[in-house]
Amino acid sequence: MNYIDWLGFLGVFQILLAYFLNVFKKVNTNDLLFILLNLIGAFMACIASILLNYMPFVVLEGIWTIVSFYSLLKHCKLI
């Protein structure tokens, strides 16, 4: 695996970790940990998708990053 694969793998792992932690009631969707796992994971997966030039996932992960960033701003009461 090259660095792009690792970047994408780690990003997707973080998103899935947030999902599993939520499903098993370890974190709430409003918890900072959940928001950051999604934000950082989606951003890493988006960058990997850009480097791979795979536009469907650039769109998916890009939107996921934006929504997660919005959630972070709400969590911090900046909006």
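In this chain, numbering begins with 1 at the start of the sequence shown.
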Participant: Mind listing the closest non-hydrogen atom pair of T29 and F34 along with its distance?
Facilitator: O-CD2, 3.4 Å
Participant: Run the numbers on L51 and Y3 for side chain to side chain contact (heavy atoms under 4.5 Å, CB included), then give the verdict.
Facilitator: CA-CA 10 Å; L51 294 172; Y3 75 96; 4.1 Å; yes
Participant: Same cluster for I66 and I47 if Ile/Leu/Val/Met/Phe/Trp/Tyr side chains link at under 4.5 Å?
Facilitator: no
Participant: Spell out, yes or no, whether L72 and L37 are grouped together once hydrophobic residues are joined by side-chain heavy atoms under 4.5 Å, including indirect joins.
Facilitator: no
Participant: At what distance, to the nearest 0.5 angstrom, does NZ of K74 lie from CD1 of I35?
Facilitator: 9.0 Å
Participant: If two hydrophobic side chains count as joined below 4.5 Å and joins carry through other members, does L36 share a cluster with L73?
Facilitator: yes
Participant: Once rounded to the nearest 0.5 Å, what's the spacing between atom CG of L16 and atom CG of N38?
Facilitator: 9.5 Å
Participant: Membership question, hydrophobic clusters at under 4.5 Å side-chain separation (ILVMFWY): are M44 and W6 in the same one?
Facilitator: yes
Participant: Counting distance only, does the side-chain N/O of N22 pair as donor-acceptor with the main-chain N or O of Y19 below 3.5 Å?
Facilitator: no
Participant: Classify the ring geometry between F24 and F20 as parallel (under 30°), tilted (30 to 60°) or perpendicular (over 60°).
Facilitator: parallel
Participant: Linking I/L/V/M/F/W/Y whenever their side-chain heavy atoms sit closer than 4.5 Å, directly or via other members, would F13 and L21 fall into one cluster?
Facilitator: yes
Participant: Roughly how far apart are I50 CD1 and F57 CZ, rounded to 0.5 Å?
Facilitator: 14.0 Å
Participant: Return the CG to CD1 distance between L39 and I15, rounded to the nearest 0.5 Å.
Facilitator: 10.0 Å
Participant: Say you draw a straight line from SG of C46 to CG of L60; how long is it, rounded to the nearest 0.5 Å?
Facilitator: 9.0 Å
Participant: Main chain of D31, side chain of H75: is a donor-acceptor contact present, judged purely on distance under 3.5 Å?
Facilitator: no
Participant: When rounded to the nearest 0.5 angstrom, what is the spacing between CD in Q14 and CG in L33?
Facilitator: 10.0 Å
